[in-house]
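Working notes, beginning with the structure itself.
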Amino acid sequence: VSDITVFTYTLDISIDSVINQCSDDEFISLPYTLHSGSLADFQIYFDELDLSNLTSLGYNAFYGVKIKKLSLTALSSLPQSAFANQNYGDKSVLEEVILSNSIVTIPTHSFSGYEAIKSINLDKIKTIGGSAFNNCSALASVDLTNVLSIESAAFYNCSSLVCDITVPNLTTFVGQEQFRNSGIKSLIAPKITNLPLRVCSTCPNLTTVTFGEGATIAAEVFNNCKKLVTVNGLSSCSSIARAAFYGCAELKGITLGNNLTTIEKEAFKNTPSFDGVIDCPNLEYIGLMCFQSSGIVRIENLGKITSVSAQAFNNCKSLTSVNIPDSVTEVAYHAFANCNSLTGELRMNGVTTLGEAAFRYCAITSVYAPLIEVLGTYAFANNTRLTSVDVKNATTIGNQCFTDCSSLEYIEFGENVTDILYSALSNCSSLTTVVCRATTPPALGSSVLTNSNAAIIYVPDASVADYQAATNWSAYAYRIKPI
């Protein structure tokens, strides 16, 4: 039997006899109405199903049917899940869908998992429901010109969608992960003011993004978009959430504007091409590892922050200078470690606590930190260009705090120092003078001055004998002199 057309029967009445005679047809044209489950359970194949007269479509109408090309040019709307579970999970057949110009909404899960679908006309669509095209791995292009809203995971895992997405009228992303793991090359959405969780995360071809000024940026929005270069709209944002640009290896030319108050954890981590300058006068918070291994060049203004979080600028190899505001009281562990281009004078006027390895492996030449009380382990270790240090208010000098500072010549500890811990000044091969103004000898760890050029130790005149007799100080008795 070939090319059977049903002209007058109500489809849900006649469908059993029609379909049972047409299991091998290549083309069939059916009229008016497909009720819920009308084609269910027949497990037949249509090379082309022309429903150009169809005006009503029921829930799960195509359940269990293989269709290669489908025309729905008279339909006014798509019910939710009309195509759900096509062929009991085998969705490898449908390649092309032609929709009526009257259809303005693609409901939730409409074509989810149709891995062979290549083409569908969406130019009249205004709303795309959640997971509508999720895992449509062959879908190559879409026209979203009139779309106003896109819901969660609408194009998630559309790996062949290697095209530019322009949505000039889009005002709302509902939910999250709309284009995650897709092949899109650009996203131009000038009216959008919210970028939700992972909206374009892990898009391997994405190079350019434009969104509305002042948009909110949620976590992981462009996470691991390794080819992303240009982001337009960022300059007026007030906050950048966790891992928003994590792993964007080609990102550059970014401007962080005056409105920015918050940069959360890992926001720009692993962005080695990010060659920007941080100049954010209203910044209030920067999170853990927020710029770790980024390509930033200078830090001119960190605004009103009170703490530089742990590993915030760790391994920023291109960073040459930093201006730490007086509002900062703590620089946490590894905050600037391995910034080996960071040179010149380091002034920390308000800092009282310096974490472990905070400036280890930098190229700083001098340190001025008049209020600092605690210097953590390895705080300035391996700064081979460091020549002078002013930390006169310090109470604790951590383990190996200045170890391997081979250019350090002079260091002075104030009268409040109580602990100078293990190997704090070891391998400071240029050290000539150590001044310690505490009248009571501080607790001294072992090996504090090992391989440190037999530096002379100057202490208060009345305390010389106490120092010479004190634990571990006695090993340097012959070097201890009155101030």
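The model shown is predicted, which means the values in this text are computed figures rather than measured ones. All heavy atoms count here, side chains included; hydrogens, waters and symmetry mates do not. Just so you know, residue 1 is the first one in the sequence shown, and it goes up from there.
Considering every non-hydrogen atom in both Thr387 and Leu408, the closest pair reads O-CD1, 3.4 Å. Here the shortest heavy-atom pairing between Asn224 and Gly247 reads OD1-CA, 3.8 Å. When all heavy atoms are compared, the tightest approach of Ser182 to Pro204 is O-CD, 3.4 Å.
Summarising the geometry, atom CZ belonging to Arg298 is positioned 6.0 Å from atom OG belonging to Ser321; distances are rounded to the nearest 0.5 Å. Once rounded to the nearest 0.5 Å, the distance linking CD1 of Ile263 with CD1 of Ile278 reads 6.0 Å. Annotation: the span from Ser141 atom OG to Asp164 atom CG amounts to 11.0 Å, rounded to 0.5 Å. With values rounded to the nearest 0.5 angstrom, Arg242 atom CZ is found 4.5 Å from Glu220 atom CD. Residue Thr329 holds its OG1 atom at 10.5 Å from CD1 of Ile372, rounded to the nearest 0.5 Å. Distance check: Ile117 CD1 to Leu94 CG gives 4.5 Å after rounding to the nearest 0.5 Å.
Of the possible donor and acceptor atoms, none in the side chain of Thr271 sits under 3.5 Å from a partner among the backbone N and O of Leu251. Although no hydrogens or angles enter the test, the distance criterion places a donor-acceptor pair under 3.5 Å between the side chain of Ser309 and the main chain of Ile286. Looking only at distances, a side-chain donor or acceptor of Asn383 sits under 3.5 Å from a matching main-chain atom of Ile364. No donor-acceptor distance shorter than 3.5 angstrom exists from the side chain of Ser152 to the backbone of Gly130, with no hydrogens or angles considered. No side-chain donor-acceptor contact under 3.5 Å links Asn270 to the backbone of Ser293. Using a distance-only test at 3.5 Å, with no hydrogens or angles considered, no donor-acceptor pair links the side chain of Ser407 to the main chain of Leu386. Put simply, the side chain of Asn472 gets close to the backbone of Leu444: a donor and an acceptor are under 3.5 Å apart. Asn194 places no side-chain N or O within 3.5 Å of a backbone atom of Pro196 that could act as its donor or acceptor partner. Between the side chain of Thr403 and the backbone N or O of Ser426, at least one donor-acceptor pair lies under 3.5 Å.
Among Val435, Val389, Thr432, Leu431, the single residue meeting the side-chain contact (heavy atoms from CB on, under 4.5 Å) criterion with Tyr410 is Val435. Results of the ring pair (Phe, Tyr, Trp, His ring centres under 6.0 Å) test with Phe155 over Phe173, Phe133, Phe111 single out Phe133 as the only residue that passes. Between Asn427 and the choices Asn453, Asn451, Asn382, Thr450, the side-chain hydrogen bond (donor to acceptor under 3.5 Å, both in side chains) rule is met once, by Asn451.
Residues Ile480 and Ile457 form a side-chain contact, since some pair of their non-hydrogen atoms from C-beta on lies under 4.5 Å apart.
Side-chain contact of Gln292 with Asn314: a donor-acceptor pair under 3.5 Å is present, judged by distance alone.
By the 4.0 Å N-to-carboxylate-O rule, Glu177 lies close enough to Arg198 to be salt-bridged with it.
Classification of the Phe268-Phe245 ring pair by plane angle, with boundaries at 30° and 60°, yields parallel.
Counting heavy-atom neighbours within 6.0 Å of Arg385 CZ, excluding the residue itself, gives a total of 12 or less.
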Show, in sequence, the C-alpha distance, side-chain angles and deciding distance for Tyr378 and Gln400, and conclude whether the side-chain hydrogen bond (donor to acceptor under 3.5 Å, both in side chains) test is met. CA-CA 5 Å; Tyr378 294 112; Gln400 296 180 280; 2.6 Å; yes

Next item on the list: Output, in order, the C-alpha distance, side-chain angles, deciding distance and verdict of side chain to side chain contact (heavy atoms under 4.5 Å, CB included) for Ser318 and Asp275.
Entry: CA-CA 8 Å; Ser318 299; Asp275 55 356; over 6 Å; no

What donor-acceptor contacts under 3.5 angstrom involve side-chain atoms of residues 332-344, with partners at least two apart or in another chain?
| residue | atom | partner | partner atom | Å |
| --- | --- | --- | --- | --- |
| Ser341 | OG | Lys317 | O | 2.8 |
| Thr343 | OG1 | Ala363 | O | 3.0 |

